[in-house]
Protein chains: 2
Amino acid sequence: MLEKYVKLLKENSIKVTPQRLETLKYLDENRTHPTVDEIYSELKEKNPSLSKTTIYNSLETLKEHGIIQSLTISGTELRYDFENKIHHHFLCKKCGNIIDIDIECPNINKILNSGHEVEEVHGYFKGKCKKCMKKGS
Amino acid sequence: MLEKYVKLLKENSIKVTPQRLETLKYLDENRTHPTVDEIYSELKEKNPSLSKTTIYNSLETLKEHGIIQSLTISGTELRYDFENKIHHHFLCKKCGNIIDIDIECPNINKILNSGHEVEEVHGYFKGKCKKCMKKGS
DNA sequence: TATTATATTGTAATTATTACAAATTAGAAA
DNA sequence: TTTCTAATTTGTAATAATTACAATATAATA
């Protein structure tokens, strides 16, 4: 069941540890762009000796290798995304949910031609989501 | 000299205070997307009794009224921009500079049609800037 | 000029993240 | 399988950004 994640780590020459596997599994199964604290709190249930520093370290390592990506959409805390392909995000200021927006960025080529070397592309929209709009208030 | 900023505040029915004027002036004259601390440190030179909380409050008020915008590009701290029209930004991971990228976002209409209400649009690119590329290393 | 709601100040609290040393462990080599 | 070592995990302490809040001061109105 964890084979998928073992493979991911080995392909990237990253040592396979239970903490890294569980972190990956959590991100894969929770596509809600969780915070470090959300990941930590959940995983600590099953592994009480888990340290939050380990979560920080694991996420950093996974990100460095391009396996996952981090979002700076909220401004106050980092959020993580198992999906590592470029896509956009919508943050609802009302309910706090972060919604995936699957659109291409047609501007990347312009940037590439500008002489800068692009490693990350982030498209963030912020406002009130469809659901919250319907609810009114 | 500060008339420009007085006008901006009055147009938005915001009380005119020296702190707000100086904050606006600083942002207008420093298009480097400064942090709260940078703004505070600089303005404190001329006004030693200035409180950092005031800078936070002023920036929040100005942002609420759409006079300035905040950037969450770095993830660890907010940055502020006098330019309030939609444009993109490039963060160089080497030198830390944030460069304005004047491109349109052709995707906004897609989002608007999706049922979400969009208040902010952020386009962030991260990597190594032209200058740092030339320097090598 | 007097009044009042709002803004500023200063301090303390909160929250996210990083630093770091000691203990543990994954994976290579014997 | 056992040993070894570099890398990882853990736990605590430190740092940094932001927010809360009460007391004081001030802008703008009457």
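Side chains included, hydrogens not; waters and symmetry mates left out as well; all remaining heavy atoms used. Because the structure is predicted, anything quoted here is derived from the model rather than measured. Letters A, B, ... mirror the listed sequences (proteins, then strands); counts begin at 1.
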Q) After noting the C-alpha distance and the side-chain angles of Ser70(B) and Asp81(B), does the key distance pass the side-chain contact (heavy atoms from CB on, under 4.5 Å) rule? A) CA-CA 6 Å; Ser70(B) 66; Asp81(B) 196 341; over 6 Å; no

Salt bridge flag under 4.0 Å for residues [X] and [Y]:
X         : Y        : answer
Lys44(B)  : Glu22(B) : no
Arg79(B)  : Glu77(B) : yes
Glu117(A) : Lys93(B) : no

Q: Could you check whether the rings of Phe82(A) and Tyr5(A) sit parallel, tilted or perpendicular, using 30° and 60° as the cut-offs?
A: perpendicular

Whole-Å distance separating the [atom1] atom of [X] from the [atom2] atom of [N]:
X        : N       : atom1 : atom2 : value
Lys44(B) : dT8(C)  : NZ    : P     : 14 Å
Leu43(A) : dT9(D)  : CG    : C1'   : 14 Å
Tyr80(B) : dA17(D) : OH    : P     : 13 Å
Asn47(A) : dT10(D) : CG    : C1'   : 11 Å
Leu50(B) : dT8(C)  : CG    : C1'   : 9 Å
Leu59(B) : dT8(C)  : CG    : P     : 11 Å
Tyr40(A) : dT18(C) : OH    : P     : 17 Å
Glu38(B) : dT18(D) : CD    : P     : 12 Å

Q. Are the side chain of His116(B) and the backbone N or O of Lys130(A) linked by a donor-acceptor pair below 3.5 Å?
A.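 Side chain of His116(B) to backbone of Lys130(A), a donor-acceptor pair under 3.5 Å: yes, one is there.
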
Q: Answer with base, sugar-phosphate or nothing: what part of the nucleic acid does Ser49(B) contact at a heavy-atom distance below 4.0 Å?
A: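 Sugar-phosphate, backbone atoms only, no base.
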
**Q.** Closest-nucleotide 5' rank along DNA chain D - winner of Ile14(A) and Val36(B)
**A.** Ile14(A)

Q: Would you tell me whether Asp100(B) and His33(B) have side-chain atoms, one donor and one acceptor, within less than 3.5 Å of each other?
A: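 Yes, side-chain donor-acceptor contact under 3.5 Å.
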
Q. Would a line drawn from the ring center of Tyr124(B) to the ring center of His122(B) be shorter than 6.0 Å?
A. yes

Every protein N/O lying under 3.5 Å from an N/O of nucleotides 19-22 of chain D:
residue	atom	partner	partner atom	Å
dA20(D)	N6	Thr53(B)	OG1	3.3

Q) Looking at DNA chain C, which of residues 15-31 of chain A put a heavy atom within less than 4.0 Å of it? A)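 The stretch gives Lys15(A), Val16(A), Pro18(A) as the residues lying under 4.0 Å from the strand, ordered by number.
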
Q) Would one find a side-chain N or O of Ser51(B) under 4.0 angstrom from OP1 or OP2 of dT8(C)? A) no

Q: State, to 0.1 Å, how close Thr72(B) and Gly75(A) come at their nearest heavy-atom pair, and which atoms those are.
A: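 Shortest heavy-atom contact: CG2-CA, 3.5 Å.
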
